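What you are looking at is a predicted structure, and each value in this text was computed from that prediction instead of being measured. Sequential numbering from 1 along the given sequence is applied to the chain's residues.
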Amino acid sequence: MNTFLDLPSNLSTYATARFVVIPFPLEATTSYGKGTRYGPAAVLKASSQVELWDEELWCDPSRAGIATLPMPKVKKRHEDALEQLAELTEHVYQDGKFPIVIGGEHSLTSGSLMGMLRAKQPTKPVTIFHFDAHADLRDEWEGSKNSHACALRRAFELSPLLNLVQVGIRNISESEVQFWEEHNATGRIKTFFAKDRSRWNINDMIAACKDMVYITFDIDVLDPSIMPSTGTPEPGGLLWDETLDIFRALTKERSIVGADFNEFLPIANFPAPDFLGAKLIYKFISYICKST
(Lines give C-alpha, C1' and ligand atoms only; values in the text may rest on other atoms or scores of the structure.)
Protein backbone atom coordinates (compact mmCIF):
# COMPACT_ATOMS: atom_id res chain seq x y z
CA MET A 1 0.00 0.00 0.00
CA ASN A 2 1.12 3.52 -0.75
CA THR A 3 1.63 5.74 2.28
CA PHE A 4 0.67 9.41 2.23
CA LEU A 5 3.35 11.38 0.36
CA ASP A 6 5.54 8.25 0.21
CA LEU A 7 7.64 9.69 3.02
CA PRO A 8 10.85 8.08 4.29
CA SER A 9 10.60 6.10 7.51
CA ASN A 10 12.04 8.87 9.68
CA LEU A 11 9.05 11.06 8.74
CA SER A 12 6.33 8.41 8.57
CA THR A 13 6.86 6.36 11.75
CA TYR A 14 3.74 6.30 13.91
CA ALA A 15 5.58 6.77 17.21
CA THR A 16 7.09 10.11 16.18
CA ALA A 17 4.51 11.44 13.70
CA ARG A 18 2.30 14.38 14.59
CA PHE A 19 -0.34 13.51 11.97
CA VAL A 20 -1.89 10.13 11.23
CA VAL A 21 -3.68 9.44 7.94
CA ILE A 22 -6.44 6.86 8.28
CA PRO A 23 -7.57 5.45 4.92
CA PHE A 24 -11.09 4.11 5.32
CA PRO A 25 -12.67 2.73 2.12
CA LEU A 26 -16.24 2.64 3.38
CA GLU A 27 -18.90 2.29 0.70
CA ALA A 28 -22.28 1.17 1.97
CA THR A 29 -24.96 3.58 0.72
CA THR A 30 -23.71 5.41 -2.38
CA SER A 31 -26.77 6.23 -4.46
CA TYR A 32 -25.53 7.65 -7.77
CA GLY A 33 -21.90 7.26 -8.84
CA LYS A 34 -20.27 4.30 -7.14
CA GLY A 35 -16.63 3.57 -6.36
CA THR A 36 -15.79 5.59 -3.23
CA ARG A 37 -14.18 2.48 -1.77
CA TYR A 38 -11.36 3.06 -4.26
CA GLY A 39 -10.90 6.69 -3.23
CA PRO A 40 -8.36 6.32 -0.41
CA ALA A 41 -6.00 4.16 -2.49
CA ALA A 42 -6.16 6.59 -5.43
CA VAL A 43 -5.40 9.62 -3.25
CA LEU A 44 -2.53 7.84 -1.49
CA LYS A 45 -1.05 6.79 -4.84
CA ALA A 46 -1.28 10.33 -6.25
CA SER A 47 0.21 11.83 -3.09
CA SER A 48 3.59 10.35 -3.96
CA GLN A 49 3.84 13.03 -6.67
CA VAL A 50 3.10 15.99 -4.37
CA GLU A 51 6.12 18.23 -3.81
CA LEU A 52 6.95 18.39 -0.10
CA TRP A 53 8.26 21.97 -0.10
CA ASP A 54 5.42 24.46 0.30
CA GLU A 55 6.19 27.50 -1.83
CA GLU A 56 3.58 29.62 -0.03
CA LEU A 57 4.76 28.89 3.52
CA TRP A 58 8.41 28.41 2.47
CA CYS A 59 8.94 25.27 4.50
CA ASP A 60 8.56 21.49 4.38
CA PRO A 61 5.54 20.68 6.59
CA SER A 62 6.09 16.93 6.23
CA ARG A 63 8.92 17.25 8.75
CA ALA A 64 6.23 17.29 11.45
CA GLY A 65 5.78 13.60 10.67
CA ILE A 66 2.86 12.01 8.85
CA ALA A 67 2.16 8.33 9.44
CA THR A 68 -0.33 6.28 7.45
CA LEU A 69 -2.31 3.43 8.99
CA PRO A 70 -2.70 0.22 6.98
CA MET A 71 -5.76 0.09 4.73
CA PRO A 72 -8.36 -1.73 6.86
CA LYS A 73 -10.83 -4.33 5.74
CA VAL A 74 -14.03 -2.42 6.44
CA LYS A 75 -16.65 -4.41 8.31
CA LYS A 76 -19.70 -5.34 6.24
CA ARG A 77 -22.42 -4.16 8.60
CA HIS A 78 -22.61 -0.38 8.33
CA GLU A 79 -22.97 0.26 12.05
CA ASP A 80 -20.02 -2.03 12.75
CA ALA A 81 -17.92 -0.16 10.18
CA LEU A 82 -18.66 3.16 11.88
CA GLU A 83 -17.67 1.66 15.24
CA GLN A 84 -14.51 0.29 13.63
CA LEU A 85 -13.55 3.80 12.51
CA ALA A 86 -14.48 5.25 15.91
CA GLU A 87 -12.03 2.84 17.57
CA LEU A 88 -9.26 3.70 15.10
CA THR A 89 -9.63 7.45 15.57
CA GLU A 90 -10.04 7.16 19.35
CA HIS A 91 -6.75 5.30 19.53
CA VAL A 92 -4.99 7.98 17.43
CA TYR A 93 -6.37 10.73 19.68
CA GLN A 94 -5.33 8.87 22.82
CA ASP A 95 -1.80 8.71 21.44
CA GLY A 96 -1.77 12.52 21.22
CA LYS A 97 -1.84 12.67 17.44
CA PHE A 98 -3.93 14.45 14.81
CA PRO A 99 -6.11 12.08 12.74
CA ILE A 100 -7.00 12.72 9.11
CA VAL A 101 -9.47 10.23 7.64
CA ILE A 102 -9.57 9.67 3.87
CA GLY A 103 -12.76 8.04 2.54
CA GLY A 104 -14.86 6.50 1.42
CA GLU A 105 -18.44 7.74 1.59
CA HIS A 106 -19.48 10.65 3.80
CA SER A 107 -21.32 8.55 6.38
CA LEU A 108 -17.91 7.81 7.90
CA THR A 109 -17.94 11.23 9.62
CA SER A 110 -20.05 9.88 12.48
CA GLY A 111 -17.46 7.21 13.18
CA SER A 112 -14.57 9.65 13.20
CA LEU A 113 -16.47 12.09 15.40
CA MET A 114 -17.41 9.33 17.86
CA GLY A 115 -13.72 8.61 18.28
CA MET A 116 -12.99 12.28 18.92
CA LEU A 117 -15.79 12.67 21.47
CA ARG A 118 -14.74 9.54 23.38
CA ALA A 119 -11.07 10.48 23.49
CA LYS A 120 -11.36 14.20 24.19
CA GLN A 121 -14.61 14.18 26.19
CA PRO A 122 -15.21 17.87 25.52
CA THR A 123 -17.09 19.94 28.07
CA LYS A 124 -17.40 22.99 25.84
CA PRO A 125 -19.14 23.33 22.46
CA VAL A 126 -17.41 21.91 19.38
CA THR A 127 -18.04 23.01 15.80
CA ILE A 128 -18.36 20.62 12.88
CA PHE A 129 -17.15 22.69 9.92
CA HIS A 130 -18.81 21.07 6.93
CA PHE A 131 -17.64 21.62 3.35
CA ASP A 132 -20.19 20.10 0.97
CA ALA A 133 -22.44 20.62 -2.03
CA HIS A 134 -25.25 18.85 -0.14
CA ALA A 135 -26.80 19.58 3.24
CA ASP A 136 -26.74 15.86 4.21
CA LEU A 137 -29.43 16.47 6.82
CA ARG A 138 -31.98 13.85 5.77
CA ASP A 139 -33.32 11.61 8.53
CA GLU A 140 -33.36 8.63 6.18
CA TRP A 141 -32.47 7.93 2.57
CA GLU A 142 -33.22 4.79 0.57
CA GLY A 143 -34.03 2.87 3.74
CA SER A 144 -30.92 3.81 5.70
CA LYS A 145 -30.55 6.25 8.57
CA ASN A 146 -26.78 6.02 8.16
CA SER A 147 -26.84 6.94 4.47
CA HIS A 148 -24.28 9.36 3.10
CA ALA A 149 -27.29 11.67 2.56
CA CYS A 150 -27.87 11.63 6.35
CA ALA A 151 -24.20 12.06 7.29
CA LEU A 152 -24.36 15.43 9.02
CA ARG A 153 -27.70 14.80 10.70
CA ARG A 154 -26.28 11.69 12.37
CA ALA A 155 -23.05 13.49 13.25
CA PHE A 156 -24.96 16.50 14.62
CA GLU A 157 -27.04 14.23 16.85
CA LEU A 158 -24.01 12.64 18.55
CA SER A 159 -23.83 15.35 21.22
CA PRO A 160 -25.72 18.51 22.25
CA LEU A 161 -22.29 20.18 22.44
CA LEU A 162 -21.95 20.05 18.65
CA ASN A 163 -22.88 22.90 16.37
CA LEU A 164 -22.68 22.88 12.59
CA VAL A 165 -21.25 25.42 10.15
CA GLN A 166 -21.83 24.50 6.51
CA VAL A 167 -20.07 26.01 3.50
CA GLY A 168 -20.79 25.56 -0.20
CA ILE A 169 -24.25 24.01 0.09
CA ARG A 170 -26.18 24.14 -3.18
CA ASN A 171 -28.50 21.17 -2.81
CA ILE A 172 -31.02 20.81 0.02
CA SER A 173 -34.27 18.83 -0.05
CA GLU A 174 -37.67 19.83 1.26
CA SER A 175 -37.46 17.06 3.85
CA GLU A 176 -34.28 18.63 5.26
CA VAL A 177 -35.60 22.18 5.42
CA GLN A 178 -37.70 21.78 8.59
CA PHE A 179 -34.74 20.32 10.51
CA TRP A 180 -32.46 23.03 9.12
CA GLU A 181 -34.88 25.85 10.00
CA GLU A 182 -35.38 24.59 13.56
CA HIS A 183 -31.66 24.45 14.32
CA ASN A 184 -30.73 27.51 12.30
CA ALA A 185 -33.17 29.47 14.47
CA THR A 186 -31.40 28.30 17.65
CA GLY A 187 -27.96 29.04 16.22
CA ARG A 188 -26.78 25.43 16.17
CA ILE A 189 -26.68 25.38 12.37
CA LYS A 190 -25.24 28.19 10.26
CA THR A 191 -25.11 27.68 6.51
CA PHE A 192 -23.22 29.62 3.88
CA PHE A 193 -25.09 28.68 0.72
CA ALA A 194 -23.21 28.70 -2.57
CA LYS A 195 -25.85 30.97 -4.10
CA ASP A 196 -24.66 33.72 -1.74
CA ARG A 197 -20.96 33.22 -2.46
CA SER A 198 -20.41 36.73 -3.82
CA ARG A 199 -21.45 38.05 -0.38
CA TRP A 200 -19.50 35.60 1.77
CA ASN A 201 -17.21 36.99 4.41
CA ILE A 202 -14.74 34.47 5.82
CA ASN A 203 -14.72 36.37 9.11
CA ASP A 204 -18.42 35.51 9.47
CA MET A 205 -17.58 31.83 8.99
CA ILE A 206 -14.93 32.01 11.68
CA ALA A 207 -17.23 33.90 14.04
CA ALA A 208 -19.82 31.11 13.72
CA CYS A 209 -17.27 28.57 14.99
CA LYS A 210 -16.51 27.64 18.57
CA ASP A 211 -12.87 27.47 19.67
CA MET A 212 -12.63 23.72 18.91
CA VAL A 213 -13.36 22.70 15.31
CA TYR A 214 -13.62 19.37 13.49
CA ILE A 215 -13.53 19.61 9.69
CA THR A 216 -15.44 17.30 7.38
CA PHE A 217 -14.68 17.90 3.72
CA ASP A 218 -16.87 16.31 1.07
CA ILE A 219 -14.87 16.68 -2.13
CA ASP A 220 -18.03 17.51 -4.09
CA VAL A 221 -17.99 20.96 -2.48
CA LEU A 222 -15.46 21.73 -5.20
CA ASP A 223 -16.73 22.65 -8.63
CA PRO A 224 -16.90 19.70 -11.05
CA SER A 225 -14.65 21.64 -13.42
CA ILE A 226 -11.74 20.91 -11.06
CA MET A 227 -13.15 17.89 -9.20
CA PRO A 228 -15.19 15.58 -11.42
CA SER A 229 -14.13 12.51 -9.42
CA THR A 230 -17.06 12.28 -7.05
CA GLY A 231 -20.33 10.38 -7.04
CA THR A 232 -22.76 13.31 -6.71
CA PRO A 233 -21.32 16.33 -8.57
CA GLU A 234 -23.09 19.69 -8.41
CA PRO A 235 -22.31 22.77 -10.53
CA GLY A 236 -21.42 26.06 -8.88
CA GLY A 237 -18.83 24.80 -6.41
CA LEU A 238 -15.74 26.21 -4.74
CA LEU A 239 -12.48 26.66 -6.60
CA TRP A 240 -8.95 26.00 -5.35
CA ASP A 241 -7.88 29.43 -4.12
CA GLU A 242 -11.08 30.28 -2.24
CA THR A 243 -10.97 26.87 -0.54
CA LEU A 244 -7.43 27.54 0.64
CA ASP A 245 -8.49 31.00 1.86
CA ILE A 246 -11.01 29.34 4.19
CA PHE A 247 -8.48 26.72 5.35
CA ARG A 248 -5.93 29.43 6.02
CA ALA A 249 -8.31 31.49 8.16
CA LEU A 250 -9.77 28.53 10.05
CA THR A 251 -6.43 27.07 11.03
CA LYS A 252 -5.15 30.46 12.11
CA GLU A 253 -8.13 31.49 14.22
CA ARG A 254 -9.45 28.22 15.68
CA SER A 255 -8.14 25.02 17.24
CA ILE A 256 -8.63 22.26 14.67
CA VAL A 257 -8.89 18.85 16.34
CA GLY A 258 -9.35 16.48 13.40
CA ALA A 259 -10.62 16.10 9.87
CA ASP A 260 -12.01 13.77 7.27
CA PHE A 261 -11.89 14.11 3.48
CA ASN A 262 -14.43 11.96 1.72
CA GLU A 263 -16.45 11.04 -1.39
CA PHE A 264 -13.44 10.62 -3.69
CA LEU A 265 -14.49 8.48 -6.66
CA PRO A 266 -11.48 7.99 -8.94
CA ILE A 267 -11.87 7.99 -12.71
CA ALA A 268 -9.75 5.44 -14.57
CA ASN A 269 -6.76 6.92 -16.41
CA PHE A 270 -7.55 10.43 -15.12
CA PRO A 271 -5.24 11.10 -12.15
CA ALA A 272 -5.49 14.91 -11.99
CA PRO A 273 -8.42 14.98 -9.51
CA ASP A 274 -6.68 12.36 -7.33
CA PHE A 275 -3.62 14.59 -7.23
CA LEU A 276 -5.77 17.62 -6.37
CA GLY A 277 -7.24 15.71 -3.44
CA ALA A 278 -3.82 14.67 -2.20
CA LYS A 279 -2.41 18.17 -2.47
CA LEU A 280 -5.49 19.65 -0.78
CA ILE A 281 -4.94 17.39 2.24
CA TYR A 282 -1.27 18.31 2.35
CA LYS A 283 -2.11 22.03 2.18
CA PHE A 284 -4.48 21.51 5.11
CA ILE A 285 -1.68 19.83 7.07
CA SER A 286 0.64 22.67 6.10
CA TYR A 287 -1.69 25.33 7.50
CA ILE A 288 -2.11 23.36 10.74
CA CYS A 289 1.69 23.27 11.09
CA LYS A 290 1.98 26.98 10.33
CA SER A 291 -0.66 27.94 12.89
CA THR A 292 0.90 26.10 15.85
Side-chain angles (χ1 to χ4, degrees), residues 1-5 7 11-26 36 39-41 43-44 47 61-75 81-122 126-131 151-152 154-155 158-159 161-162 209-219 247 250-251 254-264 277-278 280-292:
M1 188 195 81
N2 297 94
T3 57
F4 190 66
L5 302 176
L7 296 173
L11 296 178
S12 58
T13 300
Y14 184 90
T16 55
R18 177 179 177 187
F19 300 92
V20 176
V21 170
I22 306 172
F24 200 75
L26 171 65
T36 58
V43 172
L44 292 178
S47 73
S62 73
R63 294 184 181 278
I66 306 170
T68 305
L69 295 189
M71 189 81 70
K73 182 177 181 181
V74 176
K75 293 185 178 180
L82 296 177
E83 176 59 30
Q84 179 185 11
L85 180 57
E87 291 174 2
L88 286 170
T89 54
E90 182 180 11
H91 178 74
V92 171
Y93 279 114
Q94 288 173 340
D95 286 341
K97 301 178 187 302
F98 190 109
I100 299 174
V101 179
I102 303 179
E105 67 170 62
H106 204 167
S107 64
L108 61 78
T109 297
S110 290
S112 183
L113 269 171
M114 281 192 285
M116 185 276 288
L117 292 170
R118 291 175 189 173
K120 289 190 170 292
Q121 299 185 4
V126 178
T127 296
I128 307 169
F129 199 96
H130 173 213
F131 290 89
L152 270 296
R154 296 290 88 82
L158 287 174
S159 170
L161 288 175
L162 296 172
C209 295
K210 309 304 181 184
D211 289 339
M212 187 182 295
V213 175
Y214 176 93
I215 291 177
T216 179
F217 195 103
D218 186 326
I219 203 70
F247 274 0
L250 262 179
T251 54
R254 293 294 185 268
S255 174
I256 313 300
V257 296
D260 65 70
F261 293 79
N262 58 76
E263 295 289 345
F264 294 102
L280 182 73
I281 294 168
Y282 189 44
K283 288 297 292 186
F284 172 73
I285 290 172
S286 302
Y287 291 135
I288 295 286
C289 290
K290 182 68 173 180
S291 66
T292 54

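- Remark: the backbone N or O of Phe4 is paired with a side-chain donor or acceptor of Thr68 at under 3.5 angstrom.
- Counting only distance, with no hydrogens or angles, the side chain of Ser112 and the backbone of Leu108 share no donor-acceptor pair below 3.5 Å.
- To the nearest 0.5 angstrom, Leu161 atom CG is 11.5 Å from Gln121 atom CD.
- Residues Asn262 and Thr216 meet the side-chain proximity criterion, which asks for heavy atoms closer than 4.5 Å.
- Residues satisfying the side-chain hydrogen bond (donor to acceptor under 3.5 Å, both in side chains) criterion with Glu263, sequence neighbours excluded, are absent altogether.
- In this structure Thr127 satisfies the side chain to side chain contact (heavy atoms under 4.5 Å, CB included) test together with Asn163, Val165, Cys209, Lys210, Val213, sequence neighbours excluded.
- Among residue pairs with one or both ends in residues 97-116, those qualifying as ring-ring contact (aromatic ring centres under 6.0 Å, His included) are Phe19-Phe98, His106-His130; sequence neighbours excluded.
- Looking at residues two or more places apart in sequence or on another chain, you find a side chain to side chain contact (heavy atoms under 4.5 Å, CB included) between Ser107 and Leu26, His78, Glu105.
- Partners of Phe217 according to the ring pair (Phe, Tyr, Trp, His ring centres under 6.0 Å) rule, which considers only residues two or more places apart in sequence or in another chain, are Phe131, Phe247, Phe261.
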*For Val126 and Met116, run side-chain contact (heavy atoms from CB on, under 4.5 Å): C-alpha distance rounded to whole Å, both residues' side-chain angles, the deciding distance at 0.1 Å, then the answer.*
CA-CA 11 Å; Val126 178; Met116 185 276 288; 4.0 Å; yes
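- Residues satisfying the side chain to side chain contact (heavy atoms under 4.5 Å, CB included) test with Ala86, not counting sequence neighbours, are Glu83, Met114, Arg118.
- Side-chain contact between Tyr14 and Asp95 is present, with heavy atoms from C-beta onward closer than 4.5 Å.
- In plain terms, the two heavy atoms of Val257 and Pro99 that are nearest each other are O-CD, 4.0 Å.
- Within the 4.5 Å cutoff, no side-chain heavy atoms of Leu69 are placed close to those of Phe24.
- The line from CD1 of Ile215 to CD1 of Ile288 is 6.5 Å long, rounded to the nearest 0.5 Å.
- Rounded to the nearest 0.5 angstrom, Leu117 CG and Glu90 CD are separated by 10.0 Å.
- Legend: residues meeting side-chain hydrogen bond (donor to acceptor under 3.5 Å, both in side chains) with Tyr93, ordered by chain and number and at least two apart, are absent.
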_Apply side-chain contact (heavy atoms from CB on, under 4.5 Å) to residues Asp260 and Thr89 and explain how you reach the verdict._
CA-CA 11 Å; Asp260 65 70; Thr89 54; over 6 Å; no
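- Atom OH of residue Tyr214 and atom OG of residue Ser255 lie 14.0 Å apart, to the nearest 0.5 angstrom.
- The side-chain heavy atoms of Leu250 and Tyr287, taken from C-beta on, include no pair separated by under 4.5 Å.
- Atom CG of Leu11 is separated from atom CG of Leu5 by 9.5 Å, given to the nearest 0.5 angstrom.
- Counting only heavy atoms from C-beta outward, the side chains of Tyr282 and Ser47 never approach each other to under 4.5 Å.
- Among all heavy-atom pairs drawn from Pro72 and Pro23, the shortest one is CD-O, 3.0 Å.
- Residues Thr36 and Pro40 share a closest heavy-atom pair of O-CD, 3.5 Å.
- Here Asp211 pairs with Arg254 under the side chain to side chain contact (heavy atoms under 4.5 Å, CB included) rule; sequence neighbours left out.
- Judged as a salt bridge (Lys or Arg N to Asp or Glu O under 4.0 Å), and not counting sequence neighbours, Arg18 has no contacts.
- In this structure, Ser159 has no side-chain hydrogen bond (donor to acceptor under 3.5 Å, both in side chains) partners at least two apart in sequence or on a different chain.
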*asked:* Show, in sequence, the C-alpha distance, side-chain angles and deciding distance for Leu280 and Ile219, and conclude whether the side-chain contact (heavy atoms from CB on, under 4.5 Å) test is met.
replied: CA-CA 10 Å; Leu280 182 73; Ile219 203 70; 4.1 Å; yes
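- With sequence neighbours left out, the side-chain hydrogen bond (donor to acceptor under 3.5 Å, both in side chains) criterion links Ser110 to no other residue.
- Side-chain contact of Ser12 with Thr3: a donor-acceptor pair under 3.5 Å is absent, judged by distance alone.
- Separation of atoms CG (Leu44) and CD1 (Ile102) is listed at 5.0 Å; rounding is to 0.5 Å.
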